[in-house]
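Please read the structure below before turning to the comments.
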Amino acid sequence: MTTRNIESTAGARSGAVRVTWAAANARRLARQGLTAPVDGGPAAVSAAMVGAHAQVLSAAELSVALRLDGGATRESVRTALWEDGSLVKTFGPRGTVHLLPSADLPLWTGALSALPAGRNPLPQSVRMSEEETDQVVDAIADALADDDLTVDELTDEIVGRTGPWAGDRVLDAFQTKWPRWRQMTHTAAHRGALCFGPNRGRKVTYTNPHRLLPGFTPLAGPAALAGLVERHLYAYGPATPQHFAKWLAAPVRWAVDLFDRLAAEGRTERVEYEGGPAWVVAGDTGFPAERPAPGIRLLPYFDAFTIASQPRTRLFAGAAYERALAGGQAGNFPVLLIDGIVAGVWHQRRSGKWLDVTVEPLPGMLTAARRAELEEQVERTGEILQGTPRLTVGPVSVGAHA
């Protein structure tokens with residue numbers, strides 16, 4: 001794909017370039033593997049996405065595999081995760097479950113453990129002190145050093161190493177009570193003490209990432225944060241500190257200070273984007289010519305492209321904002337992309353060998369000429385999920401993913 005530098009605009013700071021949303025979106029699609037496959041396997045795809053959301057693991061498998069060449073299936077992702085170890089399942093941005101490249105875990109843990117602590121929404125009687133948090137994280141790391149453990153097994157090990165207070169069932173969760181220590185599960189992951197192991201039947205297990213990556217050590221916070229900003233900007237830039245803060249669920253003032261530091265160090269470059277200043281990696285100002293990004297894609301729940309691309313009012317334009325954003329929350333609906341914008345929602349349900357795919361385009365978005373391309377994408381979805389697809393074009397009756 002040919003690129004060009006977008007011309008300077010009047011009123012911009014000297015040397016700044018002006019980037020339109022169409023050009024930014026086209027570049028994001030290309031770098032996300034949504035216009036051509038990513039080379040290098042599932043770990044390379046996860047790196048390009050800056051993490052694949054895995055709250056719903058089957059959705060993560062589809063997110064990753066659809067960005068690979070036509071031979072990739074969900075088994076390709078499972079092999080990378082549970083056999084060759086090039087992917088790791090852990091808690092990423094916002095404390096949500098992600099698939100990350102194992103080789104990038106030092107950067108991720110260094111950056112996430114350096115984020116400022118936000119407001120604690122838990123009642124004072126439930127919270128843990130800094131000292132208690134340190135004790136629990138150390139106990140988790142020690143307990144998982146030699147074996148994968150289920151939650152119940154890990155609870156027993158933590159209580160044995162800290163005290164009964166860690167196992168008090170005080171956390172409200174899914175009509176039950178979880179032990180106190182579980183409020184720090186994502187903290188332990190961010191500090192490099194915990195990640196997911198393979199399921200034991202229907203039970204989740206955790207393991208210590210040091211078992212997967214001998215010699216693993218989180219990077220120092222400042223260097224890791226700088227690296228994470230650069231990766232985010234490369235994948236989703238131009239972006240503002242506000243965009244980055246939203247993506248991480250971090251304080252905006254902190255993100256502004258971080259962006260100021262990186263700009264002063266010459267690691268980022270200011271551009272004009274959507275009527276205001278935004279940032280890209282220094283020197284990364286080549287963008288495609290402004291034209292619609294061609295093609296149809298079916299993106300699953302929580303696909304990273306729909307969550308991290310900003311501003312959402314452009315990606316979810318018009319009726320898509322109401323139909324596909326579920327009250328402003330990206331990711332809760334699988335979306336139909338047509339020429340790079342959200343053009344509807346879809347849903348799939350498996351029944352034996354059959355994979356029933358229902359696609360609800362927004363009015364006027366799916367022309368007769370594009371129907372064949374949609375059918376190709378449904379076939380590809382069936383290949384990835386290893387089912388025989390049946391397409392229905394009509395209303396999606398299921399609600400947003402909880």
Side-chain angles (χ1 to χ4, degrees), residues 12-13 16-17 19 21 24-25 27-28 31-32 47-53 90-98 100 104-121 186-187 189-192 218-285 302 304-316 325 328-331:
R13 193 172 63 180
V17 298
V19 182
W21 179 84
N25 192 49
R27 192 172 82 168
R28 290 167 184 164
R31 291 184 173 181
Q32 286 276 304
M49 298 167 72
V50 200
H53 292 245
T90 189
F91 294 89
R94 305 175 306 283
T96 55
V97 182
H98 278 66
L100 304 175
D104 289 347
L105 197 59
L107 180 143
W108 277 102
T109 52
L112 294 174
S113 61
L115 294 179
R119 183 184 67 85
N120 191 331
H186 69 282
T187 300
H190 291 174
R191 294 188 186 181
L219 290 179
L225 285 168
L228 189 59
V229 170
E230 289 176 334
R231 291 176 189 226
H232 182 78
L233 293 181
Y234 184 83
Y236 301 108
T240 66
Q242 291 78 9
H243 296 154
F244 185 72
K246 184 178 183 67
W247 179 65
L248 283 179
V252 170
R253 180 69 256 173
W254 168 86
V256 169
D257 291 342
L258 175 61
F259 271 54
D260 285 348
R261 173 172 69 84
L262 296 178
E265 294 173 357
R267 301 183 67 160
T268 61
E269 181 173 341
R270 179 182 181 272
V271 299
E272 295 297 313
Y273 175 58
E274 288 293 291
W279 279 259
V280 296
V281 177
D284 188 29
T285 54
F302 308 112
F305 174 77
T306 61
I307 289 175
S309 295
Q310 295 286 352
R312 285 180 180 161
T313 52
R314 298 301 301 270
L315 183 63
F316 295 81
L325 268 184
Q329 177 61 52

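Nothing fancy with the numbering, it's 1 onward along the sequence.
- Using modelled atom types, one side-chain atom of Thr109 and one backbone atom of Pro106 make a donor-acceptor pair closer than 3.5 Å.
- In this structure, Arg28 is not positioned above the aromatic face of Phe305 in the sense of NZ or CZ being under 6.0 Å from the six-membered ring centre and within 45° of the axis.
- In this structure, His232 and Phe244 have perpendicular ring planes: the angle between them is above 60°, well past the 30° mark.
- The closest donor-acceptor contact from the side chain of Tyr236 to the backbone of Met49 lies under 3.5 Å.
- With respect to the salt-bridge test (charged N to carboxylate O, under 4.0 angstrom), the residues Arg261 and Asp257 do not qualify.
- In terms of heavy-atom proximity, Ala189 sits nearest to Thr90 at CB-OG1, 3.5 Å.
- One distance of note links CG of Leu233 with CG of Asp284; it measures 9.0 Å at 0.5 Å rounding.
- Note that the CD atom of Gln242 and the CD atom of Gln310 stand 10.5 Å from one another [nearest 0.5 Å].
- With values rounded to the nearest 0.5 angstrom, Trp21 atom CH2 is found 9.5 Å from Thr313 atom OG1.
- The shortest non-hydrogen separation linking Ala255 to Pro241 is CB-O, 3.5 Å.
- Summarising the geometry of Ala111 relative to Leu228, their closest heavy-atom pair is CB-CD2, 3.9 Å, with the distance given to 0.1 Å.
- Contact check for Val281 versus Val229: no side-chain heavy atoms found under the 4.5 Å cut-off.
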Q: Please step through side chain to side chain contact (heavy atoms under 4.5 Å, CB included) for the pair Arg27 and Val19, ending with a clear verdict.
A: CA-CA 11 Å; Arg27 192 172 82 168; Val19 182; over 6 Å; no

Q: Show your reasoning for whether side chain to side chain contact (heavy atoms under 4.5 Å, CB included) applies to His190 and His186.
A: CA-CA 6 Å; His190 291 174; His186 69 282; 4.0 Å; yes

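- Arg270 is not listed as a side-chain neighbour of Val280, based on a closest heavy-atom distance of 4.5 Å or more.
- In this structure, Trp108 and Pro218 have side chains that are not in contact, with every pair of non-hydrogen atoms separated by 4.5 Å or more.
- Residues Trp254 and Leu225 have side chains in contact (heavy-atom distance under 4.5 Å, counting atoms from C-beta outward).
- Between the side chain of His98 and the backbone N or O of Thr96, at least one donor-acceptor pair lies under 3.5 Å.
- A 4.5 Å side-chain heavy-atom check between Tyr273 and Pro311 finds at least one atom pair inside the cut-off.
- Taking every heavy atom of both residues into account, Glu272 and Pro277 meet most closely at OE1-N, 4.1 Å.
- The two atoms that bring Arg312 and Thr306 nearest to each other are NE-O, 4.1 Å, heavy atoms only.
- Between Ala278 and Pro238 the shortest heavy-atom distance is CB-CB, 3.7 Å.
- Atom-to-atom distance recorded for Leu262:CG and Glu230:CD is 7.0 Å, nearest 0.5 angstrom.
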Q: Applying side chain to side chain contact (heavy atoms under 4.5 Å, CB included), run through Asn25 and Leu315 and close with a yes or a no.
A: CA-CA 8 Å; Asn25 192 49; Leu315 183 63; 4.1 Å; yes

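- Taking a cutoff of 4.0 Å between a charged side-chain nitrogen and a carboxylate oxygen, Arg267 and Glu269 do not qualify as a salt bridge.
- Taking the six-membered ring where the residue is Trp, Phe259 and Trp279 present perpendicular rings, their angle passing 60° and hence far from 30°.
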Q. Can Val256 and Thr240 be said to form a side chain to side chain contact (heavy atoms under 4.5 Å, CB included), step by step?
A. CA-CA 8 Å; Val256 169; Thr240 66; over 6 Å; no

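- Not one N or O on the side chain of Arg94 forms a donor-acceptor pair closer than 3.5 Å with the backbone of Ala250.
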